[in-house]
There are 2 protein chains.
Amino acid sequence: MEANLKAETLKILGDQTRLRVAYLLAASKRSLCVCEIVDSLKLPQYQISKSLVILRRAGLVGVDRNGTWGYYYPKTDQKTNTILFDFVKEYCIGEPFDGDLTELSKRLALRDGGRCVVGFVPEKELQKLIRKKTAAV
Amino acid sequence: MEANLKAETLKILGDQTRLRVAYLLAASKRSLCVCEIVDSLKLPQYQISKSLVILRRAGLVGVDRNGTWGYYYPKTDQKTNTILFDFVKEYCIGEPFDGDLTELSKRLALRDGGRCVVGFVPEKELQKLIRKKTAAV
DNA sequence: ATGTTATATGCAAATATGAGCATATAGACA
DNA sequence: TGTCTATATGCTCATATTTGCATATAACAT
């Protein structure tokens, strides 16, 4: 299969929010729950949701639904996507990408059995929850 | 110096015309005259001109002026640019990119001493001019 | 000077896009 | 049933972008 870069695709990634989401998915090699993305980027839920719809319509990401929860992942069925995600992962440097990734890793610490088990977590409560969880283990 | 990919930059390339121009500049490893780009892409002159302004404002291309003639080239003073142009060059495949490049190579055949010496050339006259030139040599 | 040519740009209309907010949907669970 | 909660979506407004056309600029030729 041959990669084929199109202007349309670049346009999709040519938006700060969508690029941040794409970076998060590219950099963390796993599916992410919508609420984890929202908490990592600290943007309104509807913005993330809309960004994901657009990324999905462009064939860049896919979703596994688990009840009300949605797990998004970078689609790698087309070589172009793989190349693009690698590119994004490698060259999106500094803020806000670094910070987003840091927030994500904190959020991922709350997972249980590899699954997201909490919804939106306000920043203030995140530390508390993490401490509780580490204590429990 | 460190590459740093920004959404803004991707947005610039997320436009068909601008991407075609960028590809042409990336693929032909030399400065191109505006009229050569216009003839290669077969788009209105003002569209090319405006695209070039935007690419230039984004720091992606530079220009050498020679009288009324303008020679544009991909800027490589930032690593991000180099990487992006390589990326575009490698992964923009098929139409319209291939056709644009073919047209360009025909147009470049009209150069004299490495310089563009004709302005806009309607498709019909291009073959005629090329034949005349080859005969002269 | 006058005309010609290469390139840039100002403007107006059409269209697209993003932000924000409210609300819908739909699954989980009491 | 009713109530949460996660996610999606419809709507409006403001703003940005694209397109097309006409024209400006500026160098060159005669």
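This structure is a prediction, so every number in the text was calculated from the model and none was measured. Protein chains get the first letters and strands the later ones, always in sequence-line order, with residue 1 at the start of each.
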> Toward the 5' end of DNA chain D, which comes first, B/I54 or A/L52, by nearest nucleotide?
Replying inline: A/L52
> Taking CG from A/L43 and P from D/dT7, how many angstroms apart are they, rounded to a whole number?
Replying inline: 15 Å
> Taking 4.0 angstrom as the limit, do B/K128 and B/E125 come out as a salt bridge?
Replying inline: no
>> In this structure, how many angstroms lie between the P atom of C/dT9 and the CZ atom of B/R57, rounded?
In response: 9 Å
> Partners of A/F85 by ring pair (Phe, Tyr, Trp, His ring centres under 6.0 Å), sequence neighbours excluded?
Replying inline: none
> Can you check the A/R20 CZ to C/dA19 P distance for me, whole Å?
Replying inline: 11 Å
> Which residues satisfy the ring pair (Phe, Tyr, Trp, His ring centres under 6.0 Å) test with B/F97, sequence neighbours excluded?
Replying inline: B/Y23
> For B/R65 and C/dA8, is the shortest distance between a side-chain N/O and OP1 or OP2 below 4.0 Å?
Replying inline: yes
> When every nucleotide of nucleotides 19-30 of chain D is labelled 5' to 3' by its protein contacts under 4.0 Å (heavy atoms), B for base, S for sugar-phosphate only, - for none, what sequence of letters results?
Replying inline: BBB----BS---
> Considering residues at least two apart in sequence or located in another chain, which fulfil the salt bridge (Lys or Arg N to Asp or Glu O under 4.0 Å) criterion with A/E95?
Replying inline: none
>> With salt bridge (Lys or Arg N to Asp or Glu O under 4.0 Å) as the rule and sequence neighbours excluded, what pairs involving residues 8-31 of chain A come up?
In response: A/R20-A/D100
>> Mind checking if B/Y71 touches a base, just sugar-phosphate, or nothing, with heavy atoms under 4.0 Å?
In response: nothing
> Through what angle, rounded to 10 degrees, does the axis of the helix from C/dA1-D/dT30 to C/dA30-D/dT1 turn between its ends, using five pairs per end?
Replying inline: 10°
>> Using heavy-atom distances to pick each residue's nearest nucleotide on DNA chain C, tell me which of A/R18 and B/V38 is more 5'.
In response: B/V38
> Do other residues, nucleotides or ligands put more than 12 heavy atoms under 6.0 Å from the NZ atom of A/K6?
Replying inline: no
